[in-house]
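Working notes for the structure below.
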Amino acid sequence: MLIFIARRLLFALALLFAVSAFTYVIFAALPSDPAALTCGKNCRPEVIAMNRVRLGYDKPIVVQYGQYLKGIVKGRTYGASEGVHCPAPSLGYSFRKHQCVTDLITRSLPVTASVALGAFVLWMLIGIGLGTMAALKRGRWPDRLATGFSVVGISLPTFFVGLLAIMVFVIWTGLLPFPRYEGITSNPAKWFMSLILPWFTLAIVSASSYVRLTRNGILEVMNEEFVRLGLAKGLRRRTLIVKYVMRAALLPIVTIAGLDFAALLGGAVITESVFNLPGMGKLSIMAVNDSDLPILVATTLVAAVFIVIANAFVDILYGFLDPRVRSY
Amino acid sequence: MTNATPLLSVRDLHVSFKTNDGIVKAVDGVSFDVANGQTMGIVGESGSGKSVMVSAIMRLNFGTDVIVSGQILLNGIDLLALPESEMRQVRGRDIAMIFQDPLSALNPFYTVGYQIAEAYLVHHPKTPKAQVEAIVLNALDKVGIPDARKRIKSYPHEFSGGMRQRIVIAMALINKPKLLIADEPTTALDVTVQAQILELIDSLREENNSAVMLITHDLGVVAETIQQVMVMYAGRTAEYAAVQDLFDTPSHPYTQGLLRAVRSFDQSTRGSLVSISGTPPSLINLPEACAFRPRCSHEKGPLSACATQRPELRTIGASQSACHLSADEVSRVQREAFSK
Amino acid sequence: MTPILEVRDVKKYFPSGSSRLLQRPTGQVKAVDGVSLSLQKGKTLGVVGESGCGKSTLARILTRLIEPSSGSILLDGEDVTRLSGSDLRRMRRDIQIIFQDPYSSLNPRHSVGEIIATPLRIQKTVAKSEQAGRVKELMHLVGLNPEHFNRYPHEFSGGQRQRVGIARSLALNPKVIVADEPVSALDVSIQSQILNLMQELQTKLQVAFVFIAHDLSVVRHIADDVAVMYLGKIVELGPARTVYGHPTHPYTKALMSAVPVANPVSGRKIGRIVLTGDVPSPIDPPSGCRFRTRCWKAQDICASNEPELLDRGDGRVSACHFPELEA
């Protein structure tokens, strides 16, 4: 088992390198000149040329990438003498915002993490709960209700649900204040209030597919021979459902959930925009609008890192949950 | 065999499913007895209703869309009338089961030791751990799993097919059930392992003095260990006889056809094999007629009654057979085709 | 006469296990380990063995669904072992396969007409306008109602589906058909229908069959020659009459007696050889003779020396240190 984990982690590390290199090269290959983007419209060619040298964009791509990696490990000073220093891990410097990218990200990430974590917990509860209920009461009204919910949820776009939620709960009934993000450390109550709507919005949209996955998974496992044998042994229906059916049915869902959660950490672009949350998604959107390459490289990279880590985590978890995987 | 009260007595059992295309009568009025300590065989091909019947006896997959009627009497108590909580006590304690494919029948997530112990603990809760372990080890020993103490910590996928079936047998017999239902126990196994498993089931039956109901599609398997046989076709009983009589003087044209087909396999000459023409009927809205009529090759028949009336089970020679042919006609065929 | 199909010392090793850090395989499954066979035009070769004996791997090698690790396959005298691209596609016209499970080997979303026509469409051997006619002809040939070409696989019974599979395999007039357990999934009363059909087709079309089965009784009637395999190797090979009449390898003998006979008197435990234990894992086969762990005749020499396939007369070979020779 230890070898299995070690191997998996080694693979994840290799993958991270590959992904970061790939991301870097892709953005470097863009037709826009990163140096030209560092100053405004009426930029003089001397300034561009100077910035190019300051930022190292005059060097070959491999060297640039090497410097970038070095920056992550050691921190980096952008520019020669009067340059700006970004301490490690430095993911670059945004000339548009005149800030180290790492600072921008450390400010955005907790917001996104708050949204993602809460929404994730909610959507797993709703998705698996409704899905299980639907499977156990197959063909009867709870099933119809749950499948109906999942059809509606899948077909509704996030921004629509978000705006509808604001309309209903904020504008019409006034039950909730208009969400304005507040850090959890500064004011936990406000933090919670500001996130209720985004959580539910994201959860409802994402839970829909989990209702289906859970329902179909359980129904499939219920037809397995080992479940019949469990019943033939005299096990209680409830024991059977929890110990035999759920365990087998939820296994594939672990994989999907892990990856979905990781993807969410990269930024819930639409939800963050609708609720005006200063998270990773918002940061990326702004960077796209401003053509702020260093930020884009960094946000893409961070998102990729989460996916790779989640992948490795899920694989290892799978090894614990399924003895058949372990014995490879 | 019929003088004592039978252990299991199935009376006029009907099991049907509602589908979009109509009602499927998977089991359509079947009656039979299993005596204490006896081995009863049920033979049928796919779609004959034999496996559905097993599920009905154990009440394994009762959903809303399954309709069951008739009586399933275990020592005189109708299992169909029991509340679920009492039926649960019957399962695994009075009646246990062995499945066709031991790999899919064992839970892949738990060790075999755990699964066998679980079967014991359901019916003997609060047994001390050490005692349960001793019982499990003893059970594995009896079915011939070497090195049982080490193997109880293994998972099902770490065993070979034959060993897995032995584990399923150990699990089934752990509560010393009165009746063991073996649903195609050797079909998924290698030929050279089949005989081992059949012998094991038979020796354990003798040891525990339990009855065995062996469900199979293979007449060869029936010939091995069975005393009384019921042949099913399209959810109905075609023939019901002592095994020797069934093989010597088969009465129903379907049984005759099956036997001829199987025996032509065993003959050493190269050449054309005997087969039953046509295919089994669809069980959806099966008409009230002989279900075997379209495939019946009887030279005199099919009689006009075959198309309009469902043949009832009646005594023809040494068997009970559901066929409209006259007894004389049947014995003529038997003399010509089956006398030795 | 050149055999229509010849197999020379074919081996197929699959990598197995990967417990080291960088996933280098630690062992090999010797699924097929040095098999040589030949088959004459219009004849049938039965290949018999239990799980893990390599018979299905062999079937896939013969049809070039997988490539052998070493050895060669000659189809009508031409080496087809390393063909690729268009040459491989051309070769596929001559050798076709019938699969075991008629339920999963037919695409449920295609009508049987489309299924049977697929080889014609891919290989373009028949003009488009004549395809429909050819499909109906094939359906008639295998005993299906040609009017049913528009129906879907689920509307057919298992036996009928296997007929569809046979019709598909015949579409290109192949020289050889590899049938991988074609009747194992079928009911007894249907098995003989399909076996009879295959024999009729062989007489009519002079096609050669490699017939793969897990027990000896099924191939008895259809095979001219029989090869018995155990853990990747042939243990006995010869004319069916000879092998059935007097098996020389203990495994063949055990396999023959293991099939339950549908007769309570003669069948029940008379002269039955019951082997102990299961077939060992092909990942770690026994040393020397692979059958020795289950053999009642095994001696020390069986563990140290691997027996070779030796001529036992009447065109039959077997690999055993203590063969059952006629007294």
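Residue numbering restarts at 1 for every chain, and letters A, B, ... go by the order of the sequence lines.
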- Residue part contacting chain B, namely of C:S51, when any heavy atom lies under 4.5 Å: both
- Item | Donor-acceptor side-chain pairing of B:D202 and B:T225 below 3.5 angstrom | no
- Under 30°, 30 to 60°, or over 60°: which ring-plane class applies to B:H157 and B:Y155, parallel, tilted or perpendicular? parallel
- Message: Could you check whether C:S192 and B:S275, counting side-chain N and O atoms only, form a donor-acceptor pair closer than 3.5 Å?
- Response: no
- Item | Choice from B:A195, B:S160, B:P280, B:G257 maximising heavy atom contacts with chain C below 4.5 Å | B:S160
- Query: Which of the residues C:V274, C:L216, C:L275, C:N196 is involved in the greatest number of heavy-atom pairs with chain B at under 4.5 angstrom?
  - Reply: C:N196
- Item | Structural part of B:R295 lying under 4.5 Å from a heavy atom of chain C | side chain
- Message: I want to check a possible cation-pi pair here: B:R151 against B:F159, using under 6.0 Å from ring centre and within 45° of the ring axis as the test.
- Response: yes
- Item | From B:E45, B:E184, B:K50, residue fulfilling side-chain hydrogen bond (donor to acceptor under 3.5 Å, both in side chains) relative to B:H217 | B:E184
- Does any heavy atom of chain C fall under 4.5 Å from the side chain of B:Q194, the backbone, both, or neither of them? side chain
- Message: I'd like to know which of C:Q160, C:R294, C:E50, C:H214 tops the heavy-atom pair count under 4.5 Å against chain B.
- Response: C:E50
- Bottom line for C:S281: the part with an atom under 4.5 Å from chain B's heavy atoms is neither
- Note on the structure: Looking only at C:G245, C:A254, C:G277, C:A240, most heavy-atom pairs under 4.5 Å shared with chain B are made by C:G277
- Okay, B:P146 and chain C: the region with an atom under 4.5 Å from a heavy atom over there is neither
- In short, C:M256 meets C:Y244 closest at the heavy-atom pair CE-O, 3.3 Å
- Message: Which label fits B:Y254 and B:Y233: parallel for a plane angle under 30°, tilted from 30 to 60°, or perpendicular past 60°?
- Response: tilted
